[in-house]
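Every number for a ligand or one of its atoms is a count from 1 in the order of the listing.
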Amino acid sequence: MFGLLRRGAAFAAITATAAMVLAGCGGDVKGQHADLVKGKQLFVERCGACHTLARAGTRGTVGPDLDEAFAQSLSAGFKRSVVTGVVKQQILYPAVTGKMPGKLVTGQSAADVAAYVASAAAKPGQDTGALASAVRATTQTAASAKNGRLQIDANANGQLAYDVSSATSPAGALTIDSRNPSATPHDIALQEGTSGRVLATGKVVSNGGVSTISVTLRPGRYTFFCTLPGHRAGGMQGTLTVR
Ligand code: HEC
């Protein structure tokens, strides 16, 4: 139901923008000079935590799935340049009653992001060439606690992932530090099992801040995750095994 409503909204916005373009007042929405590589990098960093876009590899669920949002208009024959205009409009002037922060990117950056989204939305297959290597793939490794401390940093590109997908620790007192180098806010929390009691939640940080929790653990399996809406569902979690 939600998906249908959102698709409808994007379709309505496109119809309005197309009318503007036809009326000759949408001349700057075509994004001829856009840098798609930069656009992709910025999209992953600033937008991907809230939006799914298959070609960008993002899996956010707070906002609408952008492949779905534009599929209807594109298959109805609207040009991708029109979609660029709709995305740019949404970036600069999102609904004041909505949950999307405005002007996360501005100027040429907004044009680059809009052009990338429009080029990638609802397009089967994968990005190729320079676009394929624009964003480093998330490499998740394992970590182990040393002297009662464990480091589980957030992905530097703002993707919904920690650098570590599994970790081990001896039983006893443990402090977990999660540095977040990206502009996308994250925290770290720990719970028993995969759905048990939440033992601790660190503060929300971004731009190099560190979210820290201190717990005392018995042997068993625990899950560390980000509590921000949609982040865990997008993949921002991992397993801590205490022996
Ligand atoms: C904090 C979460 C969040 C971030 C970050 C975010 N958005 Fe959104 N976005 C939303 C939500 C929620 C909506 C639904 C409408 C609303 O609430 O305003 C939305 C709507 C949209 C739409 C309209 C889709 C439709 O179906 O009508 C587009 C396009 C869009 N966002 C693109 C972007 C781009 C590009 C960025 C990065 C510059 C971005 N968003 C960043 C949450 C976000």
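The Val62 neighbourhood of ligand 1 comprises atoms 12 (C), with distances under 4.0 Å to a heavy atom of that residue. Counting atoms of ligand 1 from 1 in the listed order, those under 4.0 Å from a heavy atom of Arg46 are 5 (C). Annotation for ligand 1: atoms under 4.0 Å from non-hydrogen atoms of Ala69 are 26 (O). For ligand 1, the atoms lying closer than 4.0 Å to a non-hydrogen atom of Gly98 are 16 (C), 17 (O), 18 (O). Atoms of ligand 1 found under 4.0 Å from any heavy atom of Ile91 (numbered from 1 in listed order, with element): 35 (C).
Under 4.0 angstrom from ligand 1, the non-hydrogen atoms of Val113 all belong to its side chain. Contacts of Leu66 with ligand 1, taken as heavy-atom pairs under 4.0 Å, involve the side chain alone. Here Phe70 has side-chain heavy atoms under 4.0 Å from ligand 1, and that is the only part of it that gets that close. If you look at Pro101 next to ligand 1, the close heavy atoms, those under 4.0 Å, all belong to the side chain.
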Check against side chain to side chain contact (heavy atoms under 4.5 Å, CB included), Leu104 and Ile91: CA-CA 7 Å; Leu104 288 166; Ile91 292 172; 5.5 Å; no

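Residue contacts to atom 8 (Fe) of ligand 1: Cys50 brings no N, O or S atom closer than 2.8 Å. Between atom 8 (Fe) of ligand 1 and Gln90 there is no N/O/S contact shorter than 2.8 Å.
Panel note: side chain Asp35, backbone Asp112; no donor-acceptor pair is recorded below 3.5 Å. With Gln191 contributing its side chain and Thr223 its backbone, the two residues share no donor-acceptor pair below 3.5 Å. Between the side chain of His186 and the backbone N or O of Val205, no donor-acceptor pair lies under 3.5 Å. Counting only distance, with no hydrogens or angles, the side chain of Ser211 and the backbone of Ser178 share no donor-acceptor pair below 3.5 Å.
In this structure, CG on Leu53 lies 6.0 Å from CG on Leu66, to the nearest 0.5 angstrom. With rounding to the nearest 0.5 angstrom, the OG atom of Ser214 is 8.0 Å from the CG atom of Asp177. Note that the OG1 atom of Thr168 and the CG atom of Leu150 stand 7.5 Å from one another [nearest 0.5 Å].
By the 30° and 60° cut-offs, the orientation of the rings of Tyr162 relative to Phe224 is perpendicular.
Taking only nitrogen or oxygen atoms, main chain and side chain alike, Lys99 reaches within less than 3.5 Å of ligand 1.
Shortest distance from atom 8 (Fe) of ligand 1 to His51 is reached at NE2 (N/O/S atoms only).
No heavy atom of Pro94 sits closer than 4.0 Å to any atom of ligand 1.
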